[in-house]
Amino acid sequence: MFFKNLFNKRRTNAYSKSSDLSKIEYFEKYQLHKLFNLLHQAEVLLEELALTNSDLKFLKFKNVLIEEIYEVEGDNVADFTNIWNWFKPNKEWRQFTESKGMEIGSQIFNITDIWKIDDDFISGSKVFLDNEYGVILDKEKNNNFGIIKWDTPKEIDEEDWIGMFGTFKESGGVIVDKSHPFKYIDDHGSFKK
């Protein structure tokens, strides 16, 4: 009880990564019903392609993706990071399905991208905290991003927030529009000279 009061932490429900959403609100906000429908359409397309494609890398991807679909569908709080990665432009989905899967893949990526942006730091995202703007650098630890280069006159002004996205948001941090202009750094975090 002492530590709970000391750190003033309150219990949150599993769907509270964006305020205190109920499960229904969470599903609506992140379009999860539509996402699962699209993922099952992707499964059908992969099964059709497998009838004529016996490439081992393709078949492994098909099996792993289908397993992931059913795993996230059964999870109480699903993590769509793998799906988000596979459906990025020019990644596995696009490489294996080519133009046949472009429309479905684009829709899946757009939905999971909205979820991911609200769940974790993404390289290249622009952020704001304590009256300062910054950018998430393309530096990762254990497949996670969160090193922020702040837009200040200091040439080296980085801060490590890896694994602390929730804390960042609770501290008042927000993801800002990618078009926000920086004064001292470029969009990749390099210091302007």
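For reference, positions follow the sequence shown, starting with 1. Just so it is clear, the values below take in all heavy atoms, side chains as well, and ignore hydrogens, waters and symmetry mates.
Two different hydrophobic clusters hold Met164 and Val176 under the rule that ILVMFWY side chains link at heavy-atom gaps under 4.5 Å. If you chain together hydrophobic residues whose side chains sit under 4.5 Å apart, Phe36 and Val64 fall into the same group.
For an aromatic pair to be called close, the ring centres must be under 6.0 Å apart, and Phe121 with Phe145 fails this.
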### Task
Show your reasoning for whether side-chain contact (heavy atoms from CB on, under 4.5 Å) applies to Glu43 and Tyr70.
CA-CA 10 Å; Glu43 175 187 5; Tyr70 286 95; 3.0 Å; yes

### Task
Show your reasoning for whether side-chain contact (heavy atoms from CB on, under 4.5 Å) applies to Trp150 and Glu132.
CA-CA 7 Å; Trp150 295 107; Glu132 295 208 7; 3.8 Å; yes

### side-chain contact (heavy atoms from CB on, under 4.5 Å) evaluation trace for Val127 with Val174
CA-CA 6 Å; Val127 296; Val174 293; over 6 Å; no

### Task
Report the C-alpha distance between Ile147 and Trp161 in whole Å, list the side-chain angles of each, state the deciding distance to 0.1 Å, and finish with yes or no for side-chain contact (heavy atoms from CB on, under 4.5 Å).
CA-CA 6 Å; Ile147 297 177; Trp161 284 84; over 6 Å; no

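Across all their heavy atoms, Leu39 and Ile69 have their closest contact at O-CD1, 3.4 Å. Across Phe58 and Asp55, no two heavy atoms sit closer than the pair N-OD2, 3.0 Å. The heavy-atom pair separating Ser54 from Leu59 by the smallest distance is O-CD1, 3.7 Å. Shortest non-hydrogen contact noted between Lys183 and Asp151 is N-OD2, 2.7 Å. Heavy-atom minimum distance, Phe168 versus Phe128: CZ-O, 3.9 Å. Scanning both residues, Ile148 and Ile136, for their nearest heavy atoms gives CG1-CD1, 3.5 Å.
For the pair Ser106 (side chain) and Glu103 (backbone), a donor-acceptor distance under 3.5 Å is absent.
At least one side-chain heavy atom of Ile175 sits less than 4.5 Å from a side-chain heavy atom of Phe165. At a threshold of 4.5 Å between non-hydrogen side-chain atoms, the residues Asp177 and Lys126 do not count as touching. No side-chain heavy atom of Asp187 sits less than 4.5 Å from a side-chain heavy atom of Val135. In this structure, the side chains of Phe191 and Ile156 stay at 4.5 Å or more apart for every pair of heavy atoms. Inter-residue side-chain proximity for Phe87 and Lys91 is flagged as unmet; no heavy-atom pair is nearer than 4.5 Å. Residues Leu49 and Thr97 have side chains in contact (heavy-atom distance under 4.5 Å, counting atoms from C-beta outward). Taking 4.5 Å as the limit, every side-chain heavy atom of Ser123 sits out of range of all side-chain heavy atoms of Leu137. Contact annotation: the side chain of Leu45 approaches that of Trp93 to within less than 4.5 Å [non-hydrogen atoms, C-beta and beyond].
Lys62 and Glu47 are joined by a salt bridge, as a carboxylate oxygen and a charged side-chain nitrogen come within less than 4.0 angstrom of each other. Using a cut-off of 4.0 Å between Lys/Arg side-chain N and Asp/Glu carboxylate O, Asp160 and Lys141 are scored as salt-bridged. Lys88 has no carboxylate O lying under 4.0 Å from a charged side-chain N of Asp113, or vice versa, which leaves the two without a salt bridge.
Rounding to the nearest 0.5 Å places CZ of Phe80 at 4.5 Å from CG of Leu32. Taking CD1 of Ile83 as the start and CD of Glu71 as the end, the distance is 9.5 Å to the nearest 0.5 Å. Here Lys34 contributes atom NZ and Asn110 contributes atom CG; the two are 8.5 Å apart, rounded to the nearest 0.5 Å. Taken to the nearest 0.5 Å, the OG1 atom of Thr112 stands 10.5 Å off from the CD atom of Gln31. The CZ atom of Phe109 lies 12.5 Å from the CG atom of Leu35; values are rounded to the nearest 0.5 Å. The CD atom of Gln41 sits 12.0 Å away from atom CG of Leu46, with the distance rounded to the nearest 0.5 Å.
Ring geometry, Trp86 versus Phe61: the interplanar angle exceeds 60°, so the pair is classed perpendicular (tilted spans 30 to 60°).
The environment of NZ in Lys192 is crowded: more than 12 heavy-atom neighbours from other residues, nucleotides or ligands sit within 6.0 Å.
Taking the centre and axis of the six-membered ring of Tyr184, the NZ or CZ atom of Lys154 falls outside the cone set by 45° and 6.0 Å.
Listed by chain and residue number, nothing satisfies the salt bridge (charged side-chain N to carboxylate O under 4.0 Å, His left out) test with Asp186 (two or more places apart in sequence, or in another chain). Glu158 meets the side-chain hydrogen bond (donor to acceptor under 3.5 Å, both in side chains) test with Lys139; sequence neighbours excluded. Not a single ring pair (Phe, Tyr, Trp, His ring centres under 6.0 Å) links His188 to another residue, sequence neighbours left out.
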